[in-house]
A.B. asks: 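One structure is given below, represented as structure tokens, and several questions about it will come after.
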Protein chains: 2
Amino acid sequence: MANNELSKDLDPIESFTMADVVELKLREYIKRKSFKPGDSLPKELELAEALGVSRNVLREALSRLRMLGMVETRKRRGMVLARPDILGTMERVLDPLIIDKDTLQDIFELRLVLEMGLAELLFSRKTEQDIKDLEAIAKKENGADKTFRIKNEIAFHGKLYEITGNDTLKRFQIMLLPIFGYVVTLEDQPTRGKVTHQDLVEILKTGTKEDFRIGMFEHLKPHFDRLTKPSGV
Amino acid sequence: MANNELSKDLDPIESFTMADVVELKLREYIKRKSFKPGDSLPKELELAEALGVSRNVLREALSRLRMLGMVETRKRRGMVLARPDILGTMERVLDPLIIDKDTLQDIFELRLVLEMGLAELLFSRKTEQDIKDLEAIAKKENGADKTFRIKNEIAFHGKLYEITGNDTLKRFQIMLLPIFGYVVTLEDQPTRGKVTHQDLVEILKTGTKEDFRIGMFEHLKPHFDRLTKPSGV
DNA sequence: ACATTTGATATGTAGTACATAAGTACTAGT
DNA sequence: ACTAGTACTTATGTACTACATATCAAATGT
């Protein structure tokens, strides 16, 4: 249908509601005043009056900021600014069932890009204990059934992210897991690269960053191969 | 202060408001019914009654979902599900001035990881036109002043993301720009790697993926060097 | 059959009222 | 004078009502 395509190309006139405007105004206000986490905001009634809207509308906007973790409110104590919960916010919208196919594919690729880029951090931060942990995970894999292998796969790659010592990265990965899993289930057959987890650990232990990147590529190669087929252009 | 550390360790008792609960219930409801974008939801009054809350509270919850792009509402037409605006949502909380130092650092590293991992996609998707574009950007750099060089830096790396053909990745990068910029301004001196943009283009043109990864690492080396100093552990 | 008007209806906004939690001030008792 | 306990105050949380506005649907007229 031509109409369908049309409605995708030019997104509809989003009539801004007062809540939208107030949300924006509050953001600006916070920035302009360069408030920092812990600072307290005026009371609802004052804000509402200052903005010329009902307390109702103001509360809708505040409710949004509260959801993002930008403000916290306690009865009688008023409102205070807080640090937004970045990962938590992202989690709210990362539902594989709602995201469109192209974006899912994009995110799948994003994960591959991340794993290929981990090498630097891994080699500069790995410890002997980390290697041992990885070895233990990789070893368990032998002769395990399918469902266990999937769990192990997650554990192994999860551990890699953990080694980077980058907590945001790690949580980001956990967040992407369901999406990754969802895309993988769409594949026809289980994909296994030539390079196994045990190989990767060995490289991490005795090899170089370059070796690891090549190894990781081989490990992920089945996924990369799927990509090169012209997917959804 | 001991008190400060304490309040960081055990996060405060978040007293859930009705809006919080209703937001969650609506999410569950949408999932359970496996609604898809385009499907229409019951009217506010019906939902409010079914949930046993005032229309006010329900609207606060809906306002949140609207912000995330999960639902759209038109007067009289009722509410319809929509695809959440992932990047737009993330943008809302990625304000360098509010994010804490550790997370900023984490995100900075995330960007480095991404750039190191781009090679595969770049080499499988680059076109001759892309190379020409990159060359043009890299060439402009010669003999330019500082502010222009920064803009050019952004343009070059932005173009790299663009070549991947991954729109989500590209927008993600744009989103991270202010953060990257912010962290860089905290550095003492301008950082320049041994490998220039022109070198990178040349590798992309005639070299291999491995060459490119090594080149990119050298290009980003000043940043990586900063990391290896034990930062904020 | 088509254009116009009229009416119905769901969302958007405003305003009032009251419950509840949490400071604050005041009182009483040792 | 100091502590404990009480009463008061106040800002947020929730509910309800009322009305404006946009838009779909039906009725009406040509």
Side-chain angles (χ1 to χ4, degrees), chain A residues 3 6-7 10-26 29-30 33 35 37-82, chain B residues 3 6-7 10-26 29-30 33 35 37-82:
Chain A
N3 203 332
L6 192 69
S7 69
L10 49 138
D11 28 30
I13 304 105
E14 308 161 13
S15 55
F16 284 95
T17 66
M18 282 298 195
D20 295 323
V21 178
V22 170
E23 184 205 334
L24 202 70
K25 291 243 183 196
L26 286 177
Y29 173 70
I30 291 169
K33 291 269 194 175
F35 280 141
D39 294 353
S40 60
L41 273 68
K43 322 172 233 196
E44 290 185 356
L45 273 174
E46 288 174 5
L47 285 173
E49 197 174 2
L51 290 162
V53 295
S54 73
R55 193 168 154 236
N56 225 324
V57 168
L58 179 85
R59 276 186 64 82
E60 277 192 29
L62 280 176
S63 186
R64 297 178 176 190
L65 299 187
R66 256 198 302 275
M67 176 182 67
L68 302 180
M70 289 182 66
V71 303
E72 285 177 4
T73 57
R74 301 277 150 76
K75 283 193 183 176
R76 156 90 199 196
R77 218 193 142 177
M79 293 175 292
V80 293
L81 246 78
Chain B
N3 203 332
L6 192 70
S7 69
L10 50 136
D11 28 29
I13 305 105
E14 309 160 12
S15 56
F16 284 96
T17 67
M18 282 295 190
D20 294 324
V21 178
V22 170
E23 185 206 332
L24 203 70
K25 291 243 182 195
L26 285 177
Y29 173 71
I30 291 169
K33 291 269 193 178
F35 280 141
D39 293 354
S40 61
L41 272 69
K43 322 172 234 197
E44 290 184 357
L45 273 174
E46 287 175 5
L47 286 173
E49 198 173 2
L51 290 163
V53 296
S54 74
R55 196 171 150 233
N56 223 325
V57 167
L58 179 83
R59 277 186 63 82
E60 277 193 29
L62 281 176
S63 186
R64 297 179 176 189
L65 300 186
R66 257 198 301 275
M67 177 181 67
L68 303 180
M70 289 181 66
V71 303
E72 285 177 4
T73 58
R74 301 278 148 76
K75 283 193 182 175
R76 155 88 200 201
R77 218 191 143 180
M79 294 176 292
V80 293
L81 246 78

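The sequence lines fix the lettering, A, B, ..., with proteins before strands; numbering per chain opens at 1.
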A.B. asks: Start at the 5' end of DNA chain D and walk down; is the nucleotide closest to A/M79 or to A/N56 reached first?
C.D. replies: A/M79

A.B. asks: Using whole Å, report how far CG of B/L62 lies from P of C/dT13.
C.D. replies: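 About 13 Å, once rounded to whole Å.
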
A.B. asks: Measure from CD on A/E44 to P on C/dA14 and round the result to the nearest Å.
C.D. replies: 15 Å

A.B. asks: D/dA11, OP1 or OP2 - any side-chain N/O from A/R59 closer than 4.0 Å?
C.D. replies: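 No, A/R59 has no side-chain N/O under 4.0 Å of OP1/OP2 on D/dA11.
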
A.B. asks: Can you confirm whether B/K33 sits close enough to B/D39 that some side-chain heavy atom of one is under 4.5 Å from a side-chain heavy atom of the other?
C.D. replies: no

A.B. asks: Could you check how far CD of A/E72 sits from C1' of D/dG13, rounded to whole Å?
C.D. replies: 16 Å

A.B. asks: Tell me which nucleotide among D/dT12, D/dA15, D/dA25 gets nearest to the side chain of B/V57.
C.D. replies: D/dA15

A.B. asks: Please tell me if the side chains of A/M79 and A/L47 come closer than 4.5 Å, counting only heavy atoms from C-beta onward.
C.D. replies: yes

A.B. asks: If the cut-off is 4.0 Å, is A/T73 near the phosphate of D/dA11, judged by side-chain N/O to OP1 or OP2?
C.D. replies: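 No, A/T73 has no side-chain N/O under 4.0 Å of OP1/OP2 on D/dA11.
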
A.B. asks: Think B/K43 has a side-chain N or O under 4.0 angstrom from the OP1 or OP2 of C/dA10?
C.D. replies: yes

A.B. asks: Between atom CE in A/M18 and atom P in C/dT13, what is the gap in whole Å?
C.D. replies: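 A/M18 atom CE is separated from C/dT13 atom P by 6 Å.
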
A.B. asks: Does the side chain of B/T17 get closer than 4.0 angstrom to OP1 or OP2 of D/dT12 through an N or O atom?
C.D. replies: no

A.B. asks: Tell me which of B/K75 and A/R77 sits closer to the 5' end of DNA chain C, going by the nucleotide each one is nearest to.
C.D. replies: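 Result: B/K75.
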
A.B. asks: Using a cut-off of strictly less than 4.0 Å, decide whether B/R55 has a side-chain nitrogen or oxygen near OP1 or OP2 of C/dA14.
C.D. replies: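 Answer is no, no contact under 4.0 Å.
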
A.B. asks: In Å, rounded to the nearest 0.5 Å, how long is the span from CZ of A/R64 to CG of A/L26?
C.D. replies: 10.5 Å

A.B. asks: To the nearest Å, how far apart are A/F16 CZ and D/dA22 P?
C.D. replies: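 In whole Å, D/dA22 P and A/F16 CZ are 17 Å from each other.
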
A.B. asks: Figure out the CD/P separation between A/E60 and C/dA14, and round it to whole Å.
C.D. replies: 10 Å

A.B. asks: About how many Å separate CE of A/M18 and OG of A/S54, when rounded to the nearest 0.5 Å?
C.D. replies: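 Interatomic distance, A/S54 OG to A/M18 CE, rounded to 0.5 Å: 9.0 Å.
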
A.B. asks: Atom CG of B/L51 and atom C1' of D/dT14: how far apart are they, to the nearest Å?
C.D. replies: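 Between C1' of D/dT14 and CG of B/L51: 14 Å.
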
A.B. asks: Picking from C/dG23, D/dG13, C/dT13, which would you name as closest to the side chain of A/S54?
C.D. replies: C/dT13

A.B. asks: Looking at CG of B/L81 and CG of B/L65, how far apart are the two atoms once the value is rounded to the nearest 0.5 Å?
C.D. replies: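 Between atom CG of B/L81 and atom CG of B/L65 there are 8.5 Å.
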
A.B. asks: Whole Å only: how far is the CG atom of B/L58 from the P atom of C/dA10?
C.D. replies: 14 Å

A.B. asks: Assess whether one donor atom and one acceptor atom, taken from the side chain of B/R74 and the base of C/dG12, lie less than 3.5 Å apart.
C.D. replies: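 When only heavy-atom distances are counted, B/R74 does not reach the base of C/dG12 through any donor-acceptor pair under 3.5 Å.
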
A.B. asks: Among C/dT20, C/dG12, C/dT9, which is the nearest nucleotide to the side chain of B/R76?
C.D. replies: C/dT9

